[in-house]
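Both backbone and side-chain heavy atoms feed into the values below; hydrogens, waters and symmetry mates do not. To find a chain, count down the sequence lines: A is the first, B the second, and so on, and within it residues start at 1.
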Amino acid sequence: MAVIDTHRSPATTASVEAATPGWMQRIHPAAWLVAVILLIMPLLVNDFILFQIFSWSFILGMISLSLMFLGGYGGMVSVAQMTIAGFAGYMVAIFGVSGIGAVSLGWPWWLAAPMAIVLATLFGTITGALAVRTEGIYTIMITLAIAAAFFYFVNQNYAIFNGHTGISSVATPKFWDVDWRAPVPFYYVTLGFAALSLWAVSYLARAPFGLALQGLRDNPRRMAALGFNVNAHRVAAYVFASIIASVAGILLVWSNGQISPGTVSVDAAIDILVIAVVGGMSRPIGPFIGALIYVILRTFALDFLVAVGLDGNRFRLLVGFGFLVIVFWSPDGVTGLWQRWRNRGQDSRNTAPRGGGHG
Amino acid sequence: MNRFIERHPVWALVILVIIVVALWLIFATWPEGLEDAIGRKKVFLNALFNGITLGGLYFLVASGFTLIFGLMRNVNLAHGSIYLFGGYVGYHTVEWTGSWLFSFVVAFVAAAVLGIILQVVVFRRMEGQDLRQTLVTIGLSIVFADLMLWVFGGNYHQIHTPNWLVGPAPLPFVTAVKSSGEAVYLTYPIVRLVILAASIVIGVAMWLVLNRTRIGMIVRAGVDDRDMLSAMGVPIQLVFVLVFAFGAGMAGMAGVVGGTFQSISPGEDTRFLLASLVVVIVGGMGSIPGAALGALLIGLAEQLGSVYVPTYSVVLTFLIMVVVLALRPQGLLARR
């Protein structure tokens, strides 16, 4: 373990140093404040912001978190996370209840959702098993090819995926006399799952598996020499990331009530990468911050662009430029900027950008 | 060739059988039973030729991509955008001047200039940071796609084929024999044949330049070890700029070709980026012959797939990629 310890990234070293006894002390006071605010959020804002901004951010954040886990800790930037989420969404729409009777099997949600998670995780595992046969930037190419192939496939296939129109009126669970798609319950559902996955990723990053994964990112040959099975660890990372992505995908289809090829388009897959990079690939909280920025931009860009005298349809231009600015000046995303601002004046050891892993 | 047969006798046999079967399918008059089983020979031959010409187009796009990747280790995910840009430039040149051939020159130059700007302004600033360069190209492709949607609109454009290339040409392939014993020959659009011939000529020329000239030697040396090359006093930055300009120019020219025998519209950039990715993954990254083989395979798979297994043709393309990755992760013709 000594070897792994010396190769730990600055971010993990910091969090382990802070690990004083008692799990409550480990959490920064600001984090408590944020948690409390998030819990009482329904009292503070209206349903539109709750549903359209926060729930959506949590869902996109979870998908990006799965990418961040692979990219930040495993050094494998997989663009196919949105595809895995979309696959889970499609599965829940196909096995569950929807408006397209010819396609859907009409299972109850508590059967359809686990089935979707299992199948999407299987899909993600196969994707991972393919992607780990190559390294670095090749991973981006292969996962991008998988994402694009899946998009063109669902776009053409009418027998299973109902082609270009997609599957609409997907039923959302209703039980205990609660409509779980109503803004407030859905907010708590997404918040719960987002918090759970955030905790799971932070926990796993410090568990032996996560440390081995970070070791593989930094020096796969040395880890192989130490007796770690490189490919098995990487595929296992894909399995874990796929579970998070597929849960998020199911929440996504429940929140939209429909799914279509547009959900898994190449643009959408790249948006997830943009979110993760803008938020920062070195900390699990980064993707959620990135998602919040993205969703706020997406929701209000129209008004903003019209206000400054531009065409409101230029949203993607704004996203693209924002992404370029971040990639150019802060490889660690917004959380990296924050880190650098906090450490200004100190020695530059902790502020050196890591570039989100070596790819 | 002989070494390949000695080392992989089984694969050599499989390839030989495939070639013989393909030749028989192309030249023989099909017996009744076969026509009943898989349809008419004319359909097959048309799909085959469409596949080969589509492969030619894919090769034009992917050869620049693979060359840039091989030399600079830069996965240029904006390559599809350059293709689309070239297509739009070509379309408007044809609209203004009416000259189809001239539009190739303009598209090549415009795309090459764009490539030079990208290389000098963007990629030179982050040399050696593979992931960051790739992320930048993703950002650029988003920006370019939206800018082009803004400037050129969302409609389909088709570049007019010049009159001297319109119409079918008879080919010496018998598609069927009439009851009178008279043979029916295949006819095929001239423009596609010309494009196919042009891409073969370009491919052979590229191979010759790479393998028989000094500049080609420099580029090949750069692919193998660019640090050592620059240590030997070769102006490596100039080589980078030239190769990037050439690769981008090829993509731009391919845009005109694609706009002539298909159409150009927003979204085509992603399609051709995917095609380039799959082609170089299958053929081997950084290898020009690999790009040619990969383009041929993918083009054939797409066209034959769309005839014989409609709605699953994308899966066929994808399956080829999976099989290649499983058996030979570095690509079919890659050296490493």
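- The nearest pair of heavy atoms linking A:L324 to B:V136 is CD2-O, 3.6 Å.
- You'll find the side chain of A:L130 stays beyond 4.5 Å of the side chain of B:M321, heavy atoms only.
- With values rounded to the nearest 0.5 angstrom, B:T317 atom OG1 is found 12.0 Å from A:F153 atom CZ.
- Only one option out of A:V79, A:I270, A:I140 pairs with B:L77 in a side-chain contact (heavy atoms from CB on, under 4.5 Å); it is A:I140.
- In this structure, the portions of B:L135 lying under 4.5 Å from any heavy atom of chain A include both its backbone and its side chain.
- Annotation: the span from A:I142 atom CD1 to B:I281 atom CD1 amounts to 4.5 Å, rounded to 0.5 Å.
- At a heavy-atom cut-off of under 4.5 Å, chain A is reached by B:G267, B:T270, B:R271, B:L273, B:L274 from residues 265-274 of chain B, listed in order of number.
- Only the side chain of B:F69 comes within contact range of chain A, with heavy atoms under 4.5 Å apart.
- Ranking B:I138, B:V278, B:V122, B:V280 against chain A, the residue ahead of the rest is B:I138, based on heavy-atom pairs under 4.5 Å.
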